[in-house]
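The basis for the numbers below is simple: all heavy atoms, side chains too, and nothing from hydrogens, waters or symmetry mates. When a ligand or atom number is given, it counts from 1 through the structure's own listing order.
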Amino acid sequence: MFTKAIVRKPCAEMINGITTANLGKPNFEIAQNQHALYIEALRSCGLKVSVLEADSRFPDSTFIEDSAVCTPHCGVVTNPGNLARRGERDAMFNVLAEFYPNVHEIVSPGTLDAGDVMMVGSNYYIGLSERTNEHGANQLIQILRSYNLNGIPVKMDKMLHLKTGLSYLENNNLLITHQFINDPTFDQFNKIVIEPEDAYSANSLWVNGTVLVPKGYPRTLEKIKNLGYTTIEVDTFEFRKLDGGLSCLSLRF
Ligand code: CIR
């Protein structure tokens, strides 16, 4: 079970965030409303949510998931793979120190975006993406090992982050996009295959037995409901315009 979450409010400069989505610029006011409803959804799942102020220096800083890995035993400040986001890490040392006596970091030449890290109990799957390199993954694996946790590198391509295409919903249930279906790494899971047109909704979010699902994906919603989960639909469309999904908007631990 998670008890806490950390989010960062979007800043007006988010309209200049990194994107490949081709969906136009986000509307800041609508994004602020969507973010407030996202926080409400996390709170309704029992999380105490710490809300950090917007940081106008970093247009993508609302995607706070990428800047830290939060395990039950320690926090890890990452070294974001895109230089425009690198500075987001600086603030995270103090943020994590409020929650953890032990704070570690990923350092250059290692890079790691925590959107590439999927926690499955004590196993952490780490996507080797354009943002996360082998140095970064190996550094994280060493840190995890010192707490008896495992890191498992996953080769990937054509996708921003590992969790862009996979979400673990606990109880062995894994939402999975076509890119990973035949990867033996995930053979032991009960795979719930997401249709290619619904790929964005593969980034859904398990929080204490409830699954947050992006609004507008009825097929995915139905599949998740059929597994017996309570669901909450959350509109993230303004964040989708910056390639951001539900998990990217918070750290949960
Ligand atoms: C970026 O390209 O870094 C942001 N525009 C989106 C980050 C999404 N984060 C995530 O998937 N964990």
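Ranking protein heavy atoms by distance to atom 4 (C) of ligand 1, first place goes to Asp60 OD1, 3.3 Å. In terms of protein heavy-atom proximity, atom 9 (N) of ligand 1 is nearest to Asp66 OD2, 2.8 Å. Nearest non-hydrogen protein atom to atom 2 (O) of ligand 1 is Arg131 NH2, 2.9 Å. With respect to atom 8 (C) of ligand 1, the closest heavy atom belonging to the protein is Cys248 SG, 3.5 Å.
Taking only nitrogen or oxygen atoms, main chain and side chain alike, Leu242 reaches within less than 3.5 Å of ligand 1. For ligand 1, none of its N or O atoms has an N or O atom of Thr164 under 3.5 Å away. Any N or O atom pair closer than 3.5 Å counts here, and Glu65 shares at least one such pair with ligand 1. At least one N/O-N/O distance between Arg85 and ligand 1 falls below 3.5 Å.
Heavy-atom separations between Asp243 and ligand 1 include at least one value shorter than 4.0 Å.
Within ligand 1, counting atoms from 1 as listed, the ones closer than 4.0 Å to a heavy atom of His161 are 9 (N), 10 (C), 11 (O), 12 (N). Within ligand 1, the atoms closer than 4.0 Å to a non-hydrogen atom of Gly115 are 12 (N), numbered from 1 in the order shown.
Lys191 has a carboxylate O that lies under 4.0 Å from a charged side-chain N of Asp187, or vice versa, which qualifies the two as a salt bridge.
For residues 139-154, the set of pairs meeting the side chain to side chain donor-acceptor pair (under 3.5 Å) definition, not counting sequence neighbours, comprises Asn102-Tyr147, His104-Tyr147, Asn123-Asn150.
A side-chain donor-acceptor contact under 3.5 Å links Thr132 and Asp116. Ser247 and Asn203 share a side-chain donor-acceptor pair at under 3.5 Å. Residues Asp113 and Ser129 bring no donor and acceptor atom of their side chains to less than 3.5 Å of each other.
Considering only residues two or more places apart in sequence or on other chains, Tyr38 meets the side chain to side chain donor-acceptor pair (under 3.5 Å) condition with Ser250.
Heavy atoms of Lys163 found under 4.0 angstrom from ligand 1: none, in either backbone or side chain.
Among Thr164, Asp243, Thr236, the single residue meeting the side chain to side chain donor-acceptor pair (under 3.5 Å) criterion with Tyr200 is Thr236.
Under the 30°/60° scheme for interplanar angles, the aromatic rings of Tyr125 and Phe186 are found to be tilted.
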